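Every chain is numbered from 1 and lettered A, B, ... according to where its sequence line falls, protein lines coming before strand lines. These numbers were taken from a predicted model, which means no experiment stands behind them.
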Protein chains: 2
Amino acid sequence: MLELEMIKPDAGQSAREYAYQLLRDHIIRLKLKPGQPLSENELAAKLQISRTPVREALIRLSQEQLLEVLPQRGTYVSLIDLEQVEEARFVREQLEPAVVRLACGRFTADQRIQLESNLILFEKYVEEKDYSKLFDLDIRFHEILFTGSGKERTWAIVHSLNAHLSRIRMLSLASEYNWTTIIAQHREVVEAIKTKDADRGERVMREHVSLIVLDQEALIRAHPDYFKNSPQGGDT
Amino acid sequence: MLELEMIKPDAGQSAREYAYQLLRDHIIRLKLKPGQPLSENELAAKLQISRTPVREALIRLSQEQLLEVLPQRGTYVSLIDLEQVEEARFVREQLEPAVVRLACGRFTADQRIQLESNLILFEKYVEEKDYSKLFDLDIRFHEILFTGSGKERTWAIVHSLNAHLSRIRMLSLASEYNWTTIIAQHREVVEAIKTKDADRGERVMREHVSLIVLDQEALIRAHPDYFKNSPQGGDT
DNA sequence: CATCACACACTTGTATACTAGTCATACTAA
DNA sequence: TTAGTATGACTAGTATACAAGTGTGTGATG
């Protein structure tokens, strides 16, 4: 019943971390469906580790709102919560332009090169239509901006919030995504950083983040049982 | 050796939640010193619960960067990390003004009353010099702004970040705090919300957040062993 | 046929036993 | 004396056993 794409744990990685990474990835990529029940015992058996590390991974995921743990009843993959999605967008809308502003002031040549090589890869995978890689590169672009500006912990927050956005993005057909617009905006951000034009960088990033939200109505219609508070998709 | 102010667990509260709340409170209030080693066994004995819930609480606290867990070596209360403090301030600087802007647009009469009664209590405790209550009320004021604007999850982020700021505030003598300025700013924020003057609200809140940072140099000199990367305070 | 009660098969929460790694200390040997 | 090594007392990580609560299905009973 429960199907997991098994991946060998990295060497030196704890069982807890292994379970966490694997489950998070499955949830974000919708290999585990919103609302789907999970069992600590079943997971432990599938991953061939004991309940303890599985359980610790589940607790962490529930803190990140990717799971809902109901004591003595069960654990479920969280339904997609549009409130949560909106708040993630809101937070990014505030943080990302501010970070770009910082980056305009302090990015070194090395750091700019990191961004530019990201752009080059981006163009390559757009041609190859490798949407999975594009998702990763998109995330990586923003990560470079944060870490390069000395805001590693802030990035951790944004990264965690992204989990909820990711599921929506995953739902929409990847091809719907206007990668051309995204890459153009990324390029303009890099341009702004190069010329140390903080105002421009901030403005472009603000526009960029606003693109996160796509046609949610259509997605809900297509997958009503994946969403919280939607007519068909009960609260499980 | 290890001293904890025991508090009875709330009814219906899980052992894990009990341990988490108690330890978090102790860390924030500096009853557990930065750098101090903790032992899962010892904590379990003191709290009269088993290692499992203690351990799960410790994991959560380490995710919030309040603890550092070194496998097979030990668990330590995190040293105060000024980078972390600065990032907390940075994030609040972006989020809080934006939330006030929202509040100016959508706060109801009821919600304004909540803010005003907060102000009244504030004035009362300023007179009584009850600094502990003032800390709580200050936090509560900001919480009202976030939750009233429908940003509960964003508040959860800010609240978590506050843990690091709190330790610094706790270090400084409470009386040093310029509560008069704080209350004046709070009052002006409420005024802005009343008159729906979003620009003013945003501006005041920005000034307000910038006050978070106080004279860190003096604090480091007084407690070098509490800080990360300070000459005396080793990385333990 | 409907309804209530109870047993049972689950669930997660907690306790405990065991594993494996770290570090300091004391002892041995050069 | 000193360097090297074994030993033992810690640590956190993992496995497993048990407790306590939930929901469902079944069967007796009206």
Side-chain angles (χ1 to χ4, degrees), chain A residues 1-2 4 6 8-23 27 32-33 35-79 234-236, chain B residues 1-2 6 8-23 27 32-33 35-78 234-236:
Chain A
M1 162 176 173
L2 175 63
L4 294 176
M6 299 297 294
K8 281 271 164 280
D10 293 354
Q13 190 184 35
S14 69
R16 167 167 90 237
E17 189 65 17
Y18 167 56
Y20 170 77
Q21 296 292 350
L22 188 145
L23 288 173
I27 294 171
L32 290 171
K33 308 299 183 192
Q36 175 172 354
L38 298 178
S39 155
E40 294 182 357
N41 275 316
E42 196 176 356
L43 288 172
K46 279 274 199 299
L47 302 185
Q48 304 192 47
I49 56 182
S50 78
R51 257 190 71 202
T52 304
V54 167
R55 177 179 168 74
E56 289 170 352
L58 293 183
I59 290 173
R60 180 168 173 193
L61 289 165
S62 78
Q63 275 152 14
E64 297 176 6
Q65 313 255 122
L66 290 177
L67 292 180
E68 196 159 357
V69 176
L70 308 177
Q72 271 71 39
R73 294 173 63 188
T75 301
Y76 302 87
V77 178
S78 294
L79 295 175
D235 292 348
T236 313
Chain B
M1 163 176 170
L2 175 62
M6 300 297 294
K8 282 272 166 278
D10 293 354
Q13 189 184 35
S14 69
R16 167 167 90 237
E17 190 65 16
Y18 167 57
Y20 170 77
Q21 296 292 349
L22 188 145
L23 288 173
I27 294 172
L32 290 171
K33 308 299 183 192
Q36 175 172 354
L38 298 178
S39 155
E40 293 182 356
N41 276 315
E42 196 176 355
L43 287 172
K46 279 273 199 298
L47 302 186
Q48 303 190 52
I49 56 183
S50 77
R51 257 189 72 202
T52 305
V54 168
R55 177 179 168 73
E56 289 170 352
L58 294 183
I59 290 174
R60 180 168 173 192
L61 289 165
S62 78
Q63 275 153 14
E64 297 177 5
Q65 313 253 92
L66 290 177
L67 292 180
E68 196 159 358
V69 176
L70 309 176
Q72 271 70 39
R73 293 172 64 189
T75 301
Y76 302 87
V77 178
S78 294
D235 290 347
T236 316

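- In this view, B:Gln65 and A:Arg153, B:Gln84, B:His164 satisfy the side chain to side chain contact (heavy atoms under 4.5 Å, CB included) rule, not counting sequence neighbours.
- Listed by chain and number, the residues in a salt bridge (charged side-chain N to carboxylate O under 4.0 Å, His left out) with B:Arg16 are B:Glu56 (sequence neighbours excluded).
- Considering every non-hydrogen atom in both A:Pro53 and A:Ala19, the closest pair reads O-CB, 4.5 Å.
- For the pairing with B:Tyr20, the side-chain contact (heavy atoms from CB on, under 4.5 Å) check across B:Leu58, B:Ile59, B:Leu61, B:Val54 returns one residue only, B:Leu61.
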Nucleotides 9-15 of chain D: protein proximity per nucleotide (B base, S sugar-phosphate only, - neither; heavy atom, under 4.0 Å): --BBBBB

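- Rounded to a whole Å, the CG atom of A:Leu61 is 16 Å from the C1' atom of C:dT12.
- A pairwise comparison of heavy atoms in B:Ser62 and B:Val69 identifies CB-CG2, 3.9 Å as the closest pair.
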